[in-house]
Amino acid sequence: MKTYTNTGNKDTRSGFGAGLTELGQTNDKVVALCADLIGSLKMDDFKKNHPERFFQVGIAEANMIGMAAGLTIGGKIPFTGTFANFSTGRVYDQIRQSVAYSDKNVKICASHAGLTLGEDGATHQILEDIGLMKMLPGMTVINTCDYNQTKAATIAIAEHQGPVYLRFGRPSVPNFTAEDQKFEIGKAVQLTEGTDVTIVATGHLVWEALEAAKELHEQGISAEVINIHTIKPLDDEAILKSVTKTGCVVTAEEHNYLGGLGESVARVLTLNHPTPQEFVATNDTFGESGTPAQLMEKYGLNSASIIKAAQKVVQRKK
């Protein structure tokens with residue numbers, strides 16, 4: 001089976017920062033707004049190189065979204081930056097009314113998503129943001145898996161007309177996708193071929209899915225791994241093509257199973273090709289304080305959980 005090499009752990013938020021820095025040099029319509037978290041969002045270089053296009057809003061996230069919506073009227077492409085919890089839950093009304101309903105070309109860029117924010121605890125660990133954002137009409141929802149993909153996605157969304165929610169994280173995670181990749185919004189990436197089970201993963205869980213596929217291969221189970229970086233619009237065709245072949249699917253995400261990738265996949269399967277499915281996600285719960293590794297282990301967001309889910313779902317289809 002095809003294998004992937006970790007070229008070195010890197011944080012996905014730095015991929016965002018690198019992409020934003022490049023956009024600053026290549027697209028003078030791009031402006032950046034930050035809610036008092038410049039260092040955490042890796043927006044330092046953009047601020048240094050383009051101070052006239054950078055707006056430090058302070059701890060006023062709702063105001064930041066309103067400002068971003070207004071800037072689009074003058075033809076600017078605003079990128080907002082704060083933690084995922086503050087990018088969505090705190091400002092949902094402003095996003096709904098001023099961005100989504102008004103179809104404004106705002107790029108909502110959210111770091112520190114999910115449990116892997118770590119020690120800051122449950123109040124900062126949002127596990128429902130994908131659900132919140134995918135329910136908004138016209139909102140594109142992207143959840144990247146590593147540094148290289150986050151950088152590529154950041155650059156790509158500047159060319160996309162319409163509101164985007166770009167979700168990434170705090171910790172260093174394996175960097176394994178191509179440095180020169182072409183990021184296509186709404187286009188899934190098949191990473192391995194398999195015949196027994198489809199593993200559809202997003203974000204940090206893509207690497208865990210690849211690790212699980214290697215172990216499953218040793219057990220005689222052939223797993224097809226698909227990287228779903230765009231949760232909305234979902235690549236229905238890629239999912240259906242794979243599950244038609246394998247006959248079962250595991251979905252894996254750093255998010256609540258309610259409202260996340262798994263539910264989106266379940267809808268596609270229910271309407272087109274009913275298929276046994278197992279979910280690797282948090283189970284209707286808030287998080288807690290701990291290291292990212294401890295939390296991923298406790299809440300079952302790792303390769304071991306994906307392996308168990310794959311073994312179970314393969315048995316279910318028999």
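This chain uses plain numbering: 1 for the first residue, then up along the sequence.
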Worksheet item: So does Lys151 pair up with Glu179, basic N to acidic O under 4.0 Å?
Response: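 No, this pair does not count.
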Response to the item:
Residue pairs meeting side-chain hydrogen bond (donor to acceptor under 3.5 Å, both in side chains), one or both in residues 301-310, sequence neighbours left out, come to Glu297-Asn302, Asn302-Ser305
Item to complete: Write out all pairs satisfying side-chain hydrogen bond (donor to acceptor under 3.5 Å, both in side chains) with one or both partners inside residues 88-108, taking only residues at least two apart or from two chains.
Response: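 Sorted pair list: Glu61-Arg90, Asn105-Lys107.
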Between [X] and [Y] (side chain of the first, backbone of the second, donor and acceptor by atom type, cut-off under 3.5 Å), is there such a pair?
{"X": "Thr154", "Y": "Thr150", "value": "yes"}
{"X": "His229", "Y": "Lys187", "value": "yes"}
{"X": "Asp129", "Y": "Ala113", "value": "no"}
{"X": "Asn49", "Y": "Asp45", "value": "yes"}
{"X": "His112", "Y": "Arg170", "value": "no"}

Discussion item. Lys47: which residues meet the side chain to side chain donor-acceptor pair (under 3.5 Å) condition with it, sequence neighbours left out?
Written reply: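 Lys47 satisfies side chain to side chain donor-acceptor pair (under 3.5 Å) with no other residue.
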Worksheet item: Residues in side chain to side chain donor-acceptor pair (under 3.5 Å) with Asp146, at least two apart?
Response: Thr177
Go through the side-chain N and O atoms of [X] and [Y] and say whether any donor and acceptor fall under 3.5 Å apart.
{"X": "Ser264", "Y": "Lys134", "answer": "yes"}
{"X": "Thr198", "Y": "Thr246", "answer": "yes"}
{"X": "Ser242", "Y": "Gln190", "answer": "no"}

Discussion item. Under the rule for salt bridge (charged side-chain N to carboxylate O under 4.0 Å, His left out), what residues qualify as partners of Glu211, not counting sequence neighbours?
Written reply: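 Glu211 satisfies salt bridge (charged side-chain N to carboxylate O under 4.0 Å, His left out) with Lys214 once adjacent residues are dropped.
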Item to complete: Apply salt bridge (charged side-chain N to carboxylate O under 4.0 Å, His left out) to Asp236 and list each qualifying residue two or more places apart in sequence or on a separate chain.
Response: none
Worksheet item: Does the salt bridge (Lys or Arg N to Asp or Glu O under 4.0 Å) test come out yes or no for Lys245 and Glu224, once each step is laid out?
Response: CA-CA 10 Å; Lys245 175 176 59 174; Glu224 186 153 289; 2.5 Å; yes
Restricting to side chain to side chain contact (heavy atoms under 4.5 Å, CB included), what partner residues turn up for [X], sequence neighbours left out?
{"X": "Gln125", "answer": "Leu115, Leu117, Leu295"}
{"X": "Ala122", "answer": "Phe286"}
{"X": "Gln219", "answer": "Glu215, Leu216, Ile221, Ile307, Gln311"}
{"X": "Ala32", "answer": "Leu20, Met43, Phe46, Phe54"}

Worksheet entry | Where at least one partner belongs to residues 2-31, residue pairs that pass ring-ring contact (aromatic ring centres under 6.0 Å, His included), sequence neighbours excluded |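 Found Phe16-Phe168.
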Discussion item. Taking transitive links into account, so neighbours of neighbours count too, which hydrophobic residues share a cluster with Phe279 at under 4.5 Å side-chain distance?
Written reply: Tyr257, Leu258
